[in-house]
Amino acid sequence: MKSPKSFGYGSKKKTAETALVTVVIVWVCMLILMPLYGIVKEACTSGLFSGLISITRPDALHSFYLTLMLTVGAVVVNTFFGIVLAIVLVRQEFKGKLALNGLIDLPFAVSPIVAGFMFITLYGPYGWIGSLFEAHGVKIIYAFPGMMIATLFVTFPFVVREVVPVLREYGVEQEEAAFVLGATKWQTFWKVTLPSIKWGLVYGITLTVARSIGEFGAVMVVSGAIINKTQTATLFTHQQFTNFDYSGAFAAAVVLASVSFITLVIMQYIQKRK
Amino acid sequence: MSINVHTISKKFDAFLAVDNVSFDVEKGELVSLLGPSGCGKSTILRIIAGLEQPDTGSVFLNGRNVNSLSARDRRVGFVFQHYALFKHMTVGENIGFALSLLKIPKRQIAERVAYLVDLVKLHGYEKHYPDQLSGGQRQRVALARSLAAEPGILLLDEPFGALDLKVRESLAGWLRQMHDKLDVTSIFVTHDQNEAMDISDKIIVINKGHIEQTGTARRVYENPQNKFVASFIGNINSIDATVRKDGIFVKGTDCRVGDSPACRDAKEDTVLLVRPEDIVINQNSSGLSATITSIRYKGSFMELGLKFNGTIVKAIDFSKREWHTDQKVSINFKMFKLFEKPGTLNGEIYENMDTIYN
């Protein structure tokens, strides 16, 4: 009688699996966890107290406030237009749909710095649209409106890209059912469509939040990073770093990283609950 | 509510999905729209519901033209093929949806939902989500949901298409009972002839967007108006034949299958259609001589393949005698239909039918 050698194969398979898991864990640690640990450790060793003082100065607080405003604005506007665009892209047939679909990804493809320059040429004091506003005393570039536009631009694709596949998969049957059961279009949207795309939307919003907080290049170009005026938290962090205020830079970095981290944790928690 | 469909047509781009269709459904009737997939039967149903607009023609509900009425104002119950349940709502919330849109007290909604849950035998599942139910249970939820606002009309789009045979059969029977109990006018779309024959008062056979025949199950089975109906409803053998003064012959042979019809002239090209159960098999030699080519045991009957004069036909034998392949037997056609070929007009639709009894 021959004994089967399957156990040999089994243990080999097990070794391979363990190796694979190890590689993945080491890679994630090196790439993500270690840098995170690095800034926390640096913030602690370079002086917790002086760091705390740095990030509670009026200019620091103003920068956090500005980041908050930009983030809220980006979430509100992108949620609205993201849903509308996703519905149009999935449900409507029209000429130029393919081109529109491609354009949506443009902010992913264009370097944020380049995007910033695009806005300066358009909305700057001598720009095509900017000069019109300037004539009425409204500043766009080197002011909040410009920063808002830049943030909207870089975060634009997230909600659309997350909602489109969900909407496509879910089809129109449930909406037709609601309609036949007597729901108006508006009722159908609130009671049937929105709950169905909820998770895609939550994920898109999370990514929008994270990107709004972290955006550097485009906002830097259009804001001019004026202290107490147009400096966001990320720009503040960068400035403290270039000014050799390491404790302040790392303290601000820890705050920003924590916010991003908490956002992700909340999202994971919500998704688990569904 | 009665339903009158009057000369409706609908095109999708260049494709003519519904071609000048008219029919009437009396109050309280259960009518099947039966046809192969893609024949336009679902589109007709969606036009009645108001989910599609016809290009021409009108739909009347209770005598009233509803063309300008949107789906939400037609008060029609619609059951979708893939249930279309609201996934984020419980069974109870799904069933109560139509009522929750109206300004009805919560307690009243709860009472109605409880009644409907009872009606579709889903007691104890009110708090479940659609994902937690089997296909048959989901379809019952969909049915209860469509009945919640007491529609006068119930439209069912292949409601059992995605279910197992056993579940399908029991649900179909149950649907018929439900229909009788609620006294609602129903139209049922299906591609399954057994289902249609099982439960409907009237069958409307549809092919390529137009109506081929309307009638009771018995009528469309026993008196098909053309070859399409004959072959779509039940099995049928089609044999090319020639009518001469001295009888009907299998084309190109001297194989006589019956007397020629009295009022019919001799004709070279005709088609003979015979149901498998109308072929009688004998072991003596009175009739056409044939050879058994295949034998399938089907439980309550046997299905035999028989070859005669180069033609193979299918026959059903309830006697369940011990047949074997290559056995020589003789066969008779108890009854068959004779159609004239309409020539080049349309290859599939044969008209001018005679029924021949032997």
Side-chain angles (χ1 to χ4, degrees), chain A residues 79 82-83 86-88 90-98 159 162-206 266-274, chain B residues 12-13 42 45-52 66 69-90 93-104 129-131 138-139 141-151 153-159 162:
Chain A
T79 301
I83 292 174
I87 288 176
V88 167
V90 174
R91 301 281 163 78
Q92 242 85 298
E93 285 305 326
F94 55 93
K95 271 189 182 154
K97 183 171 163 175
L98 256 158
V159 171
E162 293 303 325
V163 171
V164 161
V166 183
L167 207 56
R168 189 164 287 150
E169 195 207 318
Y170 132 94
V172 293
E173 261 205 344
Q174 288 182 50
E175 284 170 16
E176 286 186 339
F179 203 46
V180 176
L181 289 167
T184 59
K185 294 228 151 130
W186 197 237
Q187 283 171 322
T188 304
F189 176 77
W190 285 106
K191 289 176 187 249
V192 177
T193 314
L194 195 60
S196 307
I197 59 171
K198 180 163 64 179
W199 301 113
L201 190 60
V202 166
Y203 194 60
I205 289 174
T206 310
I266 290 172
M267 190 195 73
Q268 288 291 333
Y269 174 73
I270 295 174
Q271 252 181 348
K272 267 246 171 72
R273 270 190 45 190
K274 92 174 175 176
Chain B
F12 292 112
D13 296 326
S42 290
L45 202 70
R46 290 170 62 85
I47 288 173
I48 297 171
L51 291 170
E52 303 280 358
V66 293
L69 233 52
S70 78
R72 61 179 295 263
D73 297 321
R74 292 193 187 187
R75 284 185 22 90
V76 160
F78 200 101
V79 178
F80 292 81
Q81 184 178 4
H82 301 290
Y83 325 123
L85 294 178
F86 306 128
K87 290 198 180 97
H88 59 282
M89 294 184 201
T90 63
E93 287 166 348
N94 264 285
I95 296 174
F97 183 81
L99 300 176
S100 73
L101 298 170
L102 310 167
K103 298 272 172 279
I104 292 178
Y129 284 90
D131 284 350
R138 281 182 215 181
Q139 197 52 278
V141 175
L143 190 65
R145 182 179 68 176
S146 69
L147 292 171
E150 300 184 49
I153 289 167
L154 187 57
L155 305 172
L156 304 112
D157 189 6
E158 304 240 7

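Sequence lines set the chain letters: A, B, ... in the order given, protein chains first and strands last, and positions in each chain run from 1. Values below: all heavy atoms of this structure, side chains included; hydrogens, waters and symmetry mates excluded.
Residue B:F97 touches chain A through its side chain alone, counting heavy-atom pairs closer than 4.5 Å. Neither the backbone nor the side chain of B:R74 comes within contact range of chain A; no heavy atoms are under 4.5 Å apart. Using a 4.5 Å cut-off between heavy atoms, B:L99 does not touch chain A at all. When heavy atoms are compared at a cutoff of 4.5 Å, A:Q187 approaches chain B solely by way of its side chain, counted from C-beta outward.
Within a 6.0 Å radius of CD in A:E173, other residues, nucleotides and ligands contribute more than 12 heavy atoms. Within a 6.0 Å radius of CZ in B:F86, other residues, nucleotides and ligands contribute more than 12 heavy atoms. Other residues, nucleotides and ligands contribute more than 12 heavy atoms inside 6.0 Å of the CG atom of B:L102.
Residues from residues 190-198 of chain A that place a non-hydrogen atom less than 4.5 Å from a non-hydrogen atom of chain B comprise A:K191, A:V192, A:P195, A:S196, given in numerical order.
Contact check on A:K185 versus A:E175 returns no salt bridge, with no Lys/Arg side-chain nitrogen under 4.0 Å from an Asp/Glu carboxylate oxygen.
Per-residue counts of heavy-atom pairs under 4.5 Å with chain A were compared for B:L85, B:L155, B:D73, B:V79; the largest is that of B:L85. Between chain A and the options B:Y83, B:F80, B:F78, heavy-atom pairs under 4.5 Å are most frequent for B:F80.
Checking side-chain atoms of B:K87 against main-chain N and O of B:D131 turns up no donor-acceptor pair under 3.5 Å. Of the possible polar contacts, one joining the B:N94 side chain to the B:M89 backbone as a donor-acceptor pair under 3.5 Å is found. The backbone N or O of B:A84 sits nowhere less than 3.5 Å from a side-chain atom of B:R138 that would complete a donor-acceptor pair. Judged by distance alone, with hydrogens and angles left aside, the side-chain atoms of B:R72 form a donor-acceptor pair with the main-chain N or O of A:G182 at under 3.5 Å. Side chain of B:R75 to backbone of B:I153: no donor-acceptor contact under 3.5 angstrom is found.
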